[in-house]
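Counting starts at 1 for both ligands and their atoms, in listed order.
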Amino acid sequence: MSKKFQAMRGTRDILPGEVEKWQTVEKVAAMISERYGYREIRTPHFEATDLFARGVGETTDVVQKEMYTFPDRKGRSLTLRPEGTAGVVRAVIEAGLAKPDRLHKLWYWGPMFRYDRPQAGRYRQFYQWGAEVIGTANPWADVEIIVLLAEYLEELGLTDLVIKLNSVGDATCRPIYQKKVREALASRRDELCPDCRERLEKNPLRVLDCKVPGCREIVKGVPSVLDSLCEDCREHLDEVKKGLDASGLTYEMDPGLVRGLDYYTRTAFEIHHGKLGAQSAVGGGGRYDGLFKILGGPEVPAVGFSMGVERVLIALQEEGRDVFHQTPLVYLARGANLSDEAFRLARELRRRFAIQLEYAEKSLGAQLRQADRLGATAVLILGEDEMAAGEITVKDLKSGDQRRMPRADLQDELARLLSEPAASRSHT
Ligand SMILES: [Zn+2]
Ligand SMILES: [Zn+2]
């Protein structure tokens with residue numbers, strides 16, 4: 001027997017029946033992005049390894065432990081993108097579009113890759129939707145980014161959502177806060193996990209983000225970053241809060257929400273879902289005013305988010321929201337020796353409707369059973385009688401109603417039948 005292949009660990013197939021949910025959540029993301037004035041950008045799935053080492057941060061777990069890095073045939077080190085922002089920033093710089101005061105509002109959607117331990121809802125190839133506002137330090141851009149993500153989740157029908165907000169300061173006030181964190185943790189250094197002992201030297205804010213229970217307990221005693229913000233950062237945060245209030249969003253301040261790298265500035269946020277358990281964030285982001293400079297561009301402020309598509313699908317399932325969307329199907333059944341006519345009619349109807357019919361001739365009974373199996377909304381019957389009279393029989397499978405009509409009336413009848421609520425979109 002020859003070898004049987006399987007999808008690689010941490011990857012999965014999305015088969016028909018499930019893929020319609022994916023199509024819906026992607027379609028809604030595209031729609032909401034457009035409504036907010038964002039345009040799509042598509043960047044390659046692999047980039048130079050250095051881009052992520054610098055753009056995601058050498059000291060992060062993502063870069064140190066989780067990247068899919070490999071040499072190509074010329075020995076260049078390439079990496080499958082572990083996230084979307086670094087590629088977007090590189091693309092904007094490369095296209096010569098990174099200019100102070102020139103605004104770009106971009107969104108992306110696609111697979112990301114991390115060599116992580118696979119568990120429920122976490123895959124090595126996973127999908128993200130993200131958006132970036134590039135070219136402004138205005139706090140209303142931060143507000144819009146948060147509102148955009150919240151709007152999307154609400155549009156899908158999710159309710160059990162909590163927005164968490166924080167500020168991580170800037171180059172003026174963060175060094176002072178880092179010093180406070182070091183001092184507060186100095187006496188308990190030995191109780192921290194090995195990673196955190198190292199972080200304490202290089203990047204003390206990341207200790208606040210550690211998931212190890214022992215560390216979480218210890219950092220409770222650390223003073224809040226909110227008490228260390230400089231005047232400008234304080235004002236920025238107040239404006240963001242004001243904007244969220246004006247947008248009708250409720251949020252919690254969470255001083256433990258940190259993004260520990262130097263190019264992150266001010267706003268940090270996450271949106272959590274109540275039924276996702278310990279790792280409950282469906283998405284998050286913040287301001288990254290220092291990143292363009294680090295990636296070789298001019299100094300351009302920016303803010304953005306990314307969202308885990310698998311997480312959102314789990315949250316939808318947990319809330320019993322069915323976003324299954326399938327174009328209503330019409331099954332065309334035919335009598336003996338009417339294949340020519342049936343395929344001609346199908347081609348005509350397929351300009352407007354989803355039509356299914358058999359390749360081979362089958363009995364009417366077999367065709368009707370197949371229509372049922374496919375979950376068709378309506379069946380058209382083209383028999384010898386109908387053919388001779390220039391008519392067709394239309395059967396509504398939901399109500400069971402059946403009537404014969406002139407072929408000329410068919411398109412209007414189908415349009416009416418398929419536009420009824422039962423057959424239309426279900427995600428709102
Ligand atoms: Zn730790
Ligand atoms: Zn500051």
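- A distance-only check finds a donor-acceptor pair linking the side chain of S224 to the backbone of L226 [under 3.5 Å].
- Looking only at distances, no side-chain donor or acceptor of Y264 sits under 3.5 Å from a matching main-chain atom of G285.
- Rounding to 10°, one obtains 110° for the angle at the Zn ion (ligand 1) between SG (C210) and SG (C215).
- Contact record, Y263 with G57: OH-N, 4.2 Å, taken as the closest heavy-atom pair.
- E231 lies apart from the Zn ion (ligand 2) in this respect, since none of its N, O or S atoms is found at a distance under 2.8 Å.
- The minimum distance between the Zn ion (ligand 2) and any N, O or S atom of D170 involves atom OD1.
- Here the shortest heavy-atom pairing between N138 and R287 reads O-NH2, 3.5 Å.
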